[in-house]
Amino acid sequence: MKRNLKPYVLLLPVMLVILGIFVSGLVMALIQSLGYFPVVGLKDITLKYYKEVLTDKSFLSSLSFSLYISFTSSIIAIIVGILLAYSILRSNKKERMEQIVYKLPIIVPHAVAALLMYNVLSQSGILPRILYNMGIISSQSEFPSLIFDNRGIGIILAYVWKEIPFIAMVVYTILSNINDKLSEVALNLGANKRQVFFHILLPLIMPSVFSAFIIIFAFSFGAFEVPYLLGPTAPKALPVKAYIEYNNPDLTHRPYSMVINMSLTFISIILVWLYHKSFKLISKYDG
Amino acid sequence: ACGNQQTKQQASVLEKDWETILKEAKGTKVNFYGWGGSQMTNSWIDNYLAKRLKEEYDITLNRVGMDIDSILNIMLNEKQMEVKEGTIDVVWINGENFFTAKENDLLFGPFTDKLPNFNKYIDKDSVEVKYDFGFQVEGYEAPYGKAQFVMIHDKARVDKVPVNHEELLQFVKNNPGEFTYPAPPDFTGSAFVRNIIYDIVGYEQFLDMEPKKEVVEEAIKPAIDYFKQLKPYLWKEGKTYPATIAQLDNMFADKEVVMTMSYNPNHVVSKKQTGEFPETASSFVFDKGTIGNTHFLAIPHNAPNKAGALAVINFILSVEAQASKYDPNNWGDLPVLDNDKLNEEEKEVFSKIKIGEGAIRQDVLLEHRLPEMPANLIPIIEEIWMENIPAKGE
Amino acid sequence: MSRLELKNITKKFDNKIILDNINLVVEEGEMVSLLGPSGCGKTTTLKIITGLIYPDNGDVLLNNKSVLAVPVEKRETVIVFQDYLLFPHMTVEENIGFGLKMAKVDKKVRDKKVKEMINLVRLNGHEKKYPRELSGGQKQRVALARAIAVEPKVLLLDEPFSNLDGRLRENMREFVCELQKQLKITTILVTHDREEALMTSDKVAVMLEGKIRQFGSPEEIYKKPATKDVADFFGEKNYIKGTIENNIFKSRIGNFKTTFNKFSKGKAMIRPEEIEIFSKDVDTGLLGKIKKKKFAGDRMYYNILINDVEIKCITKFNKNYNVGDMVSVKIDFNDAVFFKEE
Amino acid sequence: MSRLELKNITKKFDNKIILDNINLVVEEGEMVSLLGPSGCGKTTTLKIITGLIYPDNGDVLLNNKSVLAVPVEKRETVIVFQDYLLFPHMTVEENIGFGLKMAKVDKKVRDKKVKEMINLVRLNGHEKKYPRELSGGQKQRVALARAIAVEPKVLLLDEPFSNLDGRLRENMREFVCELQKQLKITTILVTHDREEALMTSDKVAVMLEGKIRQFGSPEEIYKKPATKDVADFFGEKNYIKGTIENNIFKSRIGNFKTTFNKFSKGKAMIRPEEIEIFSKDVDTGLLGKIKKKKFAGDRMYYNILINDVEIKCITKFNKNYNVGDMVSVKIDFNDAVFFKEE
Amino acid sequence: MKKRSLFFTVIMYSIIFLLLFPLVILFVWSFTKNWPWPNIVPKAFGLRAIKYVFSPTSKSLKTLLFSVWLSSVVTIITLFISIPAAKALGLYKFKGKRLFKLLILAPIIVPPVAVSMGIHVTFIRLGLANTFLGVVLMHIIPCIPYGVRILTNVFEIIGESMEMQARVLGANPYKTFFYITLPMISPGLVSAGSLIFIVSFSQYFTTFLIGGGKIVTFFMLMFPYIQSGDRMMASVYSLIFILTSLVLFVVIEKTVKAYYKAENYFYI
Ligand SMILES: Nc1ncnc2c1ncn2[C@@H]1O[C@H](COP(=O)(O)OP(=O)(O)OP(=O)(O)O)[C@@H](O)[C@H]1O
Ligand SMILES: Nc1ncnc2c1ncn2[C@@H]1O[C@H](COP(=O)(O)OP(=O)(O)OP(=O)(O)O)[C@@H](O)[C@H]1O
Ligand SMILES: [Mg+2]
Ligand SMILES: [Mg+2]
């Protein structure tokens, strides 16, 4: 009896914060999305706003744009992040500068990351300048437009730049602490380095990678800063749409913002759940 | 019961005479909330205003750089919870945000008549003091400074500036990819769109237009057609637009485009001072004029230190403060005082200030000043623009 | 199917010499036991052979070719680790099949082989379990099966049976031996069980303090230990001081005939199991008194006092005397080993 | 210093019964060996005693009081795990001193005790090493020292000597036994070494498939195994089918006198070490032929064919015959155990 | 044995270069007055931004110190409550585990603007608005997913056996935690702690709302400049922001390593 309660007791403090504070906020958002916002005179509960938002054409294009950005950036970040972590491990010497400096982008806030991408990749950025001076391009406009473009390359790169070190750090922490001996055994049994990586190390870091993926995916799906600063005028990423509606000085627009936010949340939950399912199929080693 | 008490309290400050208010304000702290994205503005408030207030009234000014959206949210939530002692004493505000705040009873007032400097220097009957984006001010905010929309170009790269929409179109056609404007709802981009509308269909009809989409759409149709014409020659063929004026400014600074724009006529000077803009950058306005507006200071209904707030706002309306603010070395914001109400000595103070290279003289600006559109039309125009311009023609 | 040779292997850890000039030859298909006290460097030796540790000095030869440059995974020298080291994210099946999978063995063939191995190590019913769900002995069997499944050229067993009960141990041992002989896998077995070493292996190497002290056939090692240390390693012994003159060993417990004649003063080493006791009516010329007695299943351990000299003696369990009893003792000095007194 | 009692302990994993109604009493200061094949549930039993696993059913009593509700750290039942589980971030010293530190023992006293323990387990010179720098046996000794240092009421040893060489093992065993007797620590020893179990313990419990099949003194267990399974567990046996009539056991290898008379048809179990062989000129009435022979240090293993029945026999190592030799065989049926034929 | 692989060394340096390159540009921008196309180096340098940041009236440095303090408090509290939660999720099987995992992710999944209003209202009611404590609590929310998730993985790997061993040796749960669990998870704690610190350090929107301008963090001073496109100011602020965090992390990592001799603790 008492033992069965233990995990719940351990979860209590975190749950207090999440349920006590966070959910109270969420409930208000939900209510507002249903059109109840008495301070500004909206007092009827209605699904009208949902209908309006969800049937809007631009909603769908925004949704797919958001999904595309989050998926692409998260997957690239995962792959490169793991590669980086493994490379550091393989070229390993303890206490080297490299182990610290690669983490720098983690420290950089997303908004600054957007600024950096702008500095480097815009048509007046450092990259086209270098290409121009090397004679590879002859004018600014020859450089492909990566910022504000509707393929979202700038946004994706900003996310990728931010998240690679995050993934690498998480993976490296686990990787460097996985008992070296397991790799030794595998080598000894005739597995080459590549096989050791794919059959031993990768499965062992998979739970962490899985967590990390969810975190960065959910984050990039719901955050507005980067697409706001680097995104095209249309389609707008969903969070940007929500943000713009939220800041609409006409407060009766608040329910629209909340509808978009609730949709974002709902879609995220579905995706995370689906991901959980599919992950369980691939790996049986889930905590 | 609560409401009653509040009105009583409000009344109580406003009932006192100015001397008492100043006495009460002495030694207090005033929380001044407003946009904090300009280093020059911040420096003016921190270095000049705060210092002078301390010397003059022993008031500690606490500048909090915060977006107006957040400020409104704080006020709104405090209202919702009926917080009597709020956090904000003075808010830098105007336009739709003022309208929203006033509509939702978030503001304290009317208070402007209580301010000696307001009574002494301000032309109370001028449209720009009585109305803010078409909304009645009714004493709930006091003017802070004036702004006017200007275009900025690089003399080194533009020989002849376009002075109306047709010339602009011609210019853009001749220089494809070198011009663009921020996408509404960016504040400046939105102003540019309105300015073009004014240039094409005139401004008078909007001042009392019904805020209905069909009506507005009908009225601005020629302008929308114009934007469609313009689009293919814009930067990136008009497929996308900078999201903020900041990006356009940076593109201009990096020589990616040849023009930018600003709602602050002295913007070009300060940008040149910081070294961001080239020395050859210069402002210009359309012949038919550009939109001007006034920015204001208001006091939240639950401001904890209303006396202090009044004292601060009154000081800002002084000749000394307005002149210091007007100096492009400090900020370069246009004064709100009525020239006719100043004595010679006071006029002298203003005329001694050298406006910077590339800026337009104040009298020229005032000649070309057009009133802002009522705020409730603006979101409609932005929506129409959004629906017609960026998405179409892909 | 390879001849393995270690040449002058030396290894230090933290500047302490752990392996000191090790030389060892294991012929093709031979099974050599490596014996030695805890911490003497056995595991380190095996790791050097597989390439998991680089020696500071010396060479490892497989079929007379140095393999120091061959990477671990290509050496085909597989080690069964003392602490199992099963892959925690794989089931028993997957663990056992790992090596074959790495060698890209056809899935069907692999499955068959895995099944076979599971039968042999008696883990039927546990195929789908993860290591954390296994008992100690079960883990050990998985580790063993995993190594044998790849049929390596050289098999290195680091106490592979230590956590198995006697019967299973015998079975496993037999199974490994048979397989080893059949496939001619060159094998080194590290074990703490002296009997195991003696019974299963073609040769035994005794390692003490990082040096190989004796290397020979089991009988040699047992019967003719090169040094007292080696002898001691094979269990407690009786050492009786005395002098040898004219084939007579004179000591405090009496004089005995012997064939040994190399030096005159020394110790005779007599194994406790070489001493027989009888009830005191049997005349052996030597009487002793039982001082201590211990039951150990199929045998009895006695400590007997003869002229104040305590002698250990191991007998069959059915020879049952009580503490305090007087018994006749028979010591055969022909089997004794003599060490010169220092 | 406690009496330990297990009452009807039952435990399932994944709906498979692992422990089935276990009852066991260990008196104060007693040393009980727990024997059983790999995977039979020994470790699980120990874990239940310490409180690391909750039984599904049944109770654990210390001094006649249920301790199921007592948290692990208050039970004073310390276990030495099969897989050592040394704290990786502590040195040998720190590991050994950990329990004392937890009990807030004065630093000086603690240091002295730790030093003493290090001496006893012979790890001098390794005090400052981390577990990853130790050999298997060294780790095991640290684990042992760490547990003993706290002088628990109940000491649970899960194959604590499995990675030690014979001599060290004997030493450690003696040391533990002495300490245990001296401090009257109630002890359970899980071991795979039958001899160890028989020699060291006051009582032996044999566990098979989650059940305790026999619990008694070492001699009882050895000499009077309750079932064939228990007997088998103690090594390979000879089973000879036959009938008993008038105190005569009739079988294919001949007729023998016996005192046993409970049933008429059955198997006589004869331990290999109860069979003696002599050169064929000694007349025992029974002749056999050596079929197989194995050297095992102090003894020899022979397989002998008598009338086509293969009989295993263990003799002293000095009885040396060759494969194919004819020998006289002596079987004592008085020591035989009879099992009824099913 | 472990040979350094050239291939991976090259890959590592390439990726690191790509990650650092934009930061180098940031550094250059901190001192750049203007930098017109197509120059590769700026045309004019200046110290305007640095001067402003270091001038006492801008209160930047004071605010910086305060922010570090605030985020440290957030980090410590978040770690403190995350460890038990992570342990529960990493080591035990229980009903509703999936749901809890999802709930813990919620602060990342739900956009902050959606919940902030409700939370603000709640905080006003509780008297937490405009207070240090309120801001701390608000910051903890988005930090929880990072803390719990990372530590959960760590617990999954180290397992419970060491803790059990300690308990058996007479360590009560608290001592077990301090002597065994804490040192064993310390590498993970450093990772999680760094992330939490950063997440808290770069909270903008919620700090505004809950802090109401009474609690001013460094990021709040910095963000308007990023928005307004003053690249020099934004770069200098970012640079200070990054350097502060970096120094802090290096110090902490070194301290933890020295204190716990953190190495390969993870036993499998
Ligand atoms: N967590 C678990 N989940 C499922 N089965 C388990 C688990 N732990 C142990 N078992 C099973 O329970 C049985 C008994 O395990 P236990 O560890 O008690 O055996 P043991 O007697 O100690 O064996 P050994 O001598 O090999 O160590 C084994 O068959 C094992 O596979
Ligand atoms: N990484 C290391 N650093 C320092 N010393 C080490 C290291 N690895 C092993 N040693 C030391 O080397 C010696 C030999 O270790 P090894 O593991 O080879 O012994 P072993 O013969 O296998 O012993 P056991 O029978 O106990 O397993 C031991 O004294 C051990 O403490
Ligand atoms: Mg070893
Ligand atoms: Mg076990």
Side-chain angles (χ1 to χ4, degrees), chain C residues 13-14 35-44 82-84 126 133-141 158-159 162-170 192-199 218-219 222 232-236 271-274 276 294-299 301 314 316-318 332 335, chain D residues 13-14 35-44 82-84 126 133-141 158-159 162-170 192-199 218-219 222-223 232-236 271-274 294-299 301 314 316-318 332 335:
Chain C
F13 279 127
D14 308 330
L35 293 182
S38 170
C40 72
K42 304 179 295 292
T43 302
T44 308
Q82 209 165 354
D83 33 7
Y84 333 136
H126 300 277
E133 300 168 340
L134 296 178
S135 77
Q138 287 164 343
K139 283 187 217 167
Q140 200 162 42
R141 281 176 276 163
D158 200 352
E159 300 179 34
S162 64
N163 274 300
L164 304 181
D165 60 289
R167 265 193 44 197
L168 197 57
R169 188 176 187 125
E170 270 160 43
H192 282 315
D193 187 327
R194 294 166 290 206
E195 197 175 300
E196 190 166 278
L198 297 172
M199 277 174 69
E219 294 207 31
Y222 185 79
D232 279 352
F233 182 73
F234 281 82
E236 280 196 284
R271 295 187 185 77
E273 57 273 22
E274 281 166 357
E276 277 185 274
K294 205 136 206 180
F295 172 73
D298 57 347
R299 17 190 187 173
Y301 287 76
I314 302 178
K316 283 210 161 181
F317 83 107
N318 50 3
D332 188 352
D335 283 336
Chain D
F13 280 127
D14 307 331
L35 293 182
S38 170
C40 73
K42 303 179 294 292
T43 302
T44 308
Q82 211 164 353
D83 34 7
Y84 332 137
H126 299 278
E133 299 167 341
L134 296 178
S135 78
Q138 287 163 345
K139 282 187 218 167
Q140 200 161 43
R141 282 178 273 163
D158 200 352
E159 300 180 32
S162 63
N163 274 299
L164 304 181
D165 61 288
R167 262 192 47 195
L168 197 57
R169 188 176 186 126
E170 270 160 44
H192 282 317
D193 188 326
R194 293 166 291 207
E195 198 176 299
E196 191 166 278
L198 297 172
M199 276 175 69
E219 293 208 33
Y222 186 79
K223 292 196 179 146
D232 279 353
F233 182 73
F234 280 83
E236 280 196 284
R271 296 190 183 75
E273 57 273 23
E274 281 165 356
K294 204 136 206 176
F295 172 72
D298 58 346
R299 21 189 184 172
Y301 287 76
I314 302 177
K316 284 209 159 183
F317 83 106
N318 50 4
D332 188 352
D335 282 335

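All values below were derived from every heavy atom in this structure, side-chain atoms included, with hydrogens, water molecules and symmetry-related copies excluded. Residue numbering restarts at 1 for every chain, and letters A, B, ... go by the order of the sequence lines.
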Relative to chain D, which of C:Pro37, C:Cys40, C:Ala197 shows the most heavy atom pairs under 4.5 Å?
C:Pro37
D:Asp83 and C:Lys139 have their tightest heavy-atom pair at OD2-NZ, 3.6 Å
Can you give me the closest heavy-atom contact between C:Leu168 and D:Ser38, atom names plus distance?
CD2-CB, 3.9 Å
Residue among [options] with most heavy-atom pairs under 4.5 Å to chain C:
options: D:Glu196, D:Glu219, D:Gln138, D:Lys42; answer: D:Glu219
options: D:His126, D:Glu133, D:Arg169, D:Arg141; answer: D:Arg141
options: D:Asp232, D:Asp14, D:Asp158; answer: D:Asp232

Do NZ/NE/NH1/NH2 and the carboxylate oxygens of C:Lys294 and D:Glu170 come within less than 4.0 Å?
no
Nearest-0.5 Å distance, CD of residue D:Glu195 to CD of residue C:Glu195
8.5 Å
From the list D:Leu164, D:Asp193, D:Asn163, side chain to side chain contact (heavy atoms under 4.5 Å, CB included) with C:Ser162 holds only for D:Asn163
Pick one of side chain, backbone, both or neither for C:Tyr301, based on which atoms fall under 4.5 Å of a heavy atom in chain D.
side chain
